[in-house]
Amino acid sequence: MCLLTPFNMLLRLLLIGLPLTSCSIPVVPAGTFTTNCHERHFWLSVKGSFLGSMVQFYIEDSTGVHFLSSQRAAECGYTVVLNHRGNLVFRASYLACYVENRGDTEFRVSVRFVNMQTDGSVNAYPFMLHCSLVGPWSLREIVCEENYMEVSVKWPIPIVSREGVKWLELQSQTLEERVKQLRTGQVIFYRPGDFDKTPRQIEDVKAIGYHITATDTRILLRSAYSSLLSYTIKEKNVQVEAVSAIIILQLEGTSPIPVEISVACAKTKAVVDGLYLLWSFPLALSPLVRGWFRTGAMRLGVDGRVLSDCEMRDRGYNVSLKDQTVNIRIPFDKEGAKIKSHVLKGQYAQSLSLEFFYMYHWDDAIWLHTQHRSFLLLRTPYMLRTPIVLNNTDPLTEMFSVTLGVFPADVSLQNITLGRDTMTWTEAKQHNIHLKQILFSNGSHAYELQVPFSHPMVTQRVISGHFRRQSLALTFDLVIFPEEEHFSYRTNVMFDQKEPALSAVLAGSCTERGVMVVLHYGSEDVQWELYVGDRRLDWELVQLGGYRLDGGDDHFSVEIPLYSPGIAYEDLNLKSMIVKVEVSAVNMVTLKAEHSLVQRCTFPVRDFLVCLPEGRILVVTDTTRSIPPTKPNSTTLLDTSCKPTATDSSRALFNFSLDSCGTTMTVEGNYLLYENEIRYSQKFLPKEDPLIHMDSPFRLTLQCRYPLNVTSALTLHPTANTTIKHPSLPQELRQGLNWTKPLSRGLRITKGLKGL
Ligand SMILES: *[C@@H]1O[C@H](CO)[C@@H](O)[C@H](O)[C@H]1NC(C)=O
Ligand SMILES: *[C@@H]1O[C@H](CO)[C@@H](O)[C@H](O)[C@H]1NC(C)=O
Ligand SMILES: *[C@@H]1O[C@H](CO)[C@@H](O)[C@H](O)[C@H]1NC(C)=O
Ligand SMILES: *[C@@H]1O[C@H](CO)[C@@H](O)[C@H](O)[C@H]1NC(C)=O
Ligand SMILES: *[C@@H]1O[C@H](CO)[C@@H](O)[C@H](O)[C@H]1NC(C)=O
Ligand SMILES: *[C@@H]1O[C@H](CO)[C@@H](O)[C@H](O)[C@H]1NC(C)=O
Ligand SMILES: *[C@@H]1O[C@H](CO)[C@@H](O)[C@H](O)[C@H]1NC(C)=O
Ligand SMILES: *[C@@H]1O[C@H](CO)[C@@H](O)[C@H](O)[C@H]1NC(C)=O
Ligand SMILES: *[C@@H]1O[C@H](CO)[C@@H](O)[C@H](O)[C@H]1NC(C)=O
């Protein structure tokens, strides 16, 4: 916390409403007028809202009522400005004309503020401002006001000669005598390197805007800026305007006494330095410094109030000295500074302004103590400020929530556009769109907009199997008052919503060729391995069984042909067979079979031979193709007791195990070869047939070949005729697969297994 400085506590305010005319003074809302005593100035401010179409100030003293024209104000020490907040500020130097000055310590001035309304009515408000000096006058005091420069020096006057500085005591003189001496005195104006030796009469320079006068204890020079005899120099890269003058006093009985009375003011503009407003000025103003220079303390004030060191620290102000230049950095967005909005090249821009007061003092060889005060209305150039969009979209609420800001009070949202739908505030409300202005305690504001995902202008797009992207194009149309400048701010908001997880699915179907199994990946990113029965689907199995693989972004399929490994024969008769395929999908990370499928398919039965891994042979064959045709129910195997398990008019079905029915076994390389025969059984020769054939009219050799080492391996041989061969790989599979892949590896089945 900051404590008020003694300076602030000692401020004395006085506002006396004195009706100067007989007409009654209208009632004024509280806070309309504020008065202040500010170190060396009377200070009166009038609320902007109270101001009429025209205002005037009159000063009244014993000699009459004086109208303050702008020229008169500058020469006399009065300043009237509209400050950055739009309030009217009236400031008067304690040493201004018409001020009742008691010994340079008590000051009174009678001010009349005239407010003219547009309807023609005129009201006058009289004030008697009264201030007492707080803090003694320095030998020299300089004021750089908005409209004038002022310097006052104290009697006694330093007299510089070759021997050094002497002080001329003039105690005996009265004020009248001094004023009279000044009137008759002369003044020499000069510029560096250009000494105009022709003295001018002090009386005469009044006509060209130089006000030179004396008070009880001081001599004073005041002029407006850019006066006839002023000059500008560059000091540390900063424009400095100066008036250099020497007043020559002719005192009785002495030789003429020169009094150096110069004034200089830095004319710096505030600039933006990052997040700071930067104001720089040279520490020593050369027209004012003689001999050695020693800098003293400084004070800063904002909005007419001097800040303590503690307050400056709290507000983040930074005063630094670099290369004999004082740099004052005032952070943006701090109280005191005011933001003005503007549109620059179609974009939003801001300027920062500040009512600034700066005082510092120094000592030098002649003027042992100088106080230098500046009053400035700092305003930065406009710079682009991109509004900030805060995205508070909460997926749980299923709506976009966006905040746009922060804007000062002069910005107002007019309408919003969602996609191509432009609407005003009221229309937004009708469309059930939540639009709200959020007000901050510092007077700035932001806008909050909420649009449900279900709004027709919200576009939805699936960006991957997992996400649905909701996006919304937003345009905010804003306007700046009072200029009614328009600008727009466009932005896109989006939200990627996770689709509800879709788990993988195994599906089966029957095809002409066999059984089709499809793994739909769903939305999970899982690597799968498929098992057909208890055998892992690997390239060896694919090759062996002539499986057809296919795949896409979202699925993987395998077609298991009839009679290939993996097919189980559940029911077999001469008309049809029911085959069964058991497939499971194993998650390669958890190694768990997460999905499984049993697919059954019924196929019509034609001739075939299957060697089952469990050591059993199934055969269906047409026996009527022999000449003469053989009746199926009259056939047997080598062991004639092994009859067909079923027959119809043309075909016989045999189902027998390898160790029965006279099956023989021989070793052929790495294979075991099992053989049997279906033959015509003599027993059933028709009695009426007189011819007895030596050879059996029907004979069919059956062969099954099993690898020697892996007895459990499947070797199933589809066959259309009796010749049994180890299956070879279908041509189409050869082309589709890369045989350099290690055969022992399972197929890692994940999305994007294209081209299989
Ligand atoms: C003040 O500004 C100067 C120059 O930018 C910097 O070096 C210094 O650290 C600042 N001081 C503080 C307290 O921020
Ligand atoms: C006003 O307050 C808001 C919210 O705290 C802040 O974001 C903004 O920067 C402040 N603006 C000013 C000018 O102080
Ligand atoms: C939206 O605001 C802009 C700018 O203020 C204005 O030009 C336009 O006419 C408005 N549109 C609608 C539909 O109100
Ligand atoms: C807005 O917020 C949501 C939710 O936090 C986030 O998914 C999205 O990426 C954000 N950005 C934009 C530009 O919408
Ligand atoms: C073949 O015979 C065996 C033993 O009787 C029996 O278990 C099996 O189901 C039969 N196979 C078919 C396809 O009918
Ligand atoms: C064999 O089948 C034929 C006709 O299909 C039938 O006439 C005959 O009786 C059957 N013989 C035996 C022994 O079942
Ligand atoms: C089994 O025999 C086949 C055919 O000769 C051979 O390629 C394979 O390596 C053998 N396997 C084992 C485990 O011995
Ligand atoms: C049986 O197979 C052999 C060899 O594959 C072939 O030459 C013959 O034509 C086939 N016979 C019949 C009846 O299909
Ligand atoms: C098979 O794979 C090997 C090794 O990855 C590669 O060099 C070769 O080109 C592939 N062949 C085909 C036909 O894709």
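All residue numbers in this chain count up from 1 along the given sequence. In listed order, ligands and their atoms are each counted from 1. These figures come from a predicted structure and were not determined experimentally.
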For [X] and [Y], indicate whether the former's side chain and the latter's backbone hold a donor-acceptor pair under 3.5 Å.
X      : Y      : result
Ser351 : Thr380 : yes
Thr268 : Ser280 : yes
Tyr447 : Leu413 : yes

For ligand 4, find out whether one of its N or O atoms is nearer than 3.5 Å to an N or O atom of Met494.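 Such a contact does occur with ligand 4.
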Can you find an N/O atom of Asp496 closer than 3.5 Å to an N/O atom of ligand 4?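 No; every N/O pair is 3.5 Å or more apart.
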Around Lys267, counting heavy atoms of other residues, nucleotides and ligands shown, do more than 12 lie under 6.0 Å from its NZ?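 Atom NZ in Lys267 is crowded, with more than 12 foreign heavy atoms closer than 6.0 Å.
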Using a 6.0 Å cut-off, check whether atom CG of Asn492 has over 12 heavy atoms from anything other than its own residue.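 Counting other residues, nucleotides and ligands, CG of Asn492 exceeds 12 neighbours.
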Residue Thr393 vicinity, atoms of ligand 4 by number, heavy atom under 4.0 Å: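 Contacts of ligand 4 toward Thr393, numbered from 1: 2 (O), 4 (C), 5 (O).
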Distance under 4.0 Å to a non-hydrogen atom of Val493: what atoms of ligand 4 satisfy this?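 Answer, ordered by atom number: 14 (O).
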Report all protein residues having a heavy-atom distance below 4.0 Å to some atom of ligand 1; order the list by chain, then number.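 Within the 4.0 Å shell of ligand 1, which is judged on heavy atoms, sit Asn318, Arg329.
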Validation row: Met298, Val319 side chains within 4.5 angstrom (heavy atoms):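 The answer is yes, as the side chains (C-beta and beyond) meet within the 4.5 Å cut-off.
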Ignoring angles and geometry beyond distance, decide whether Asn655 reaches within less than 3.5 Å of ligand 5 through its nitrogen or oxygen atoms.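 Checking ligand 5 against Asn655, an N or O pair does fall under 3.5 Å apart.
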Assert yes or no for the condition that the ring centre distance of Phe407 to Tyr489 is strictly below 6.0 Å.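 No, the ring of Phe407 stays outside the 6.0 Å limit from the ring of Tyr489, centre to centre.
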Phe375 and Phe356 aromatic centres sub-6.0 Å: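 Not close enough - the centres of the two rings lie 6.0 Å or further apart.
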Can you tell me how far the CZ atom of Arg379 sits from the NE2 atom of His84, to the nearest 0.5 Å?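 Those atoms lie 9.0 Å apart.
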Would you say Arg616 touches ligand 5, if touching means a heavy atom closer than 4.0 Å?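 Yes; Arg616 lies near enough to ligand 5 that a heavy-atom distance drops under 4.0 Å.
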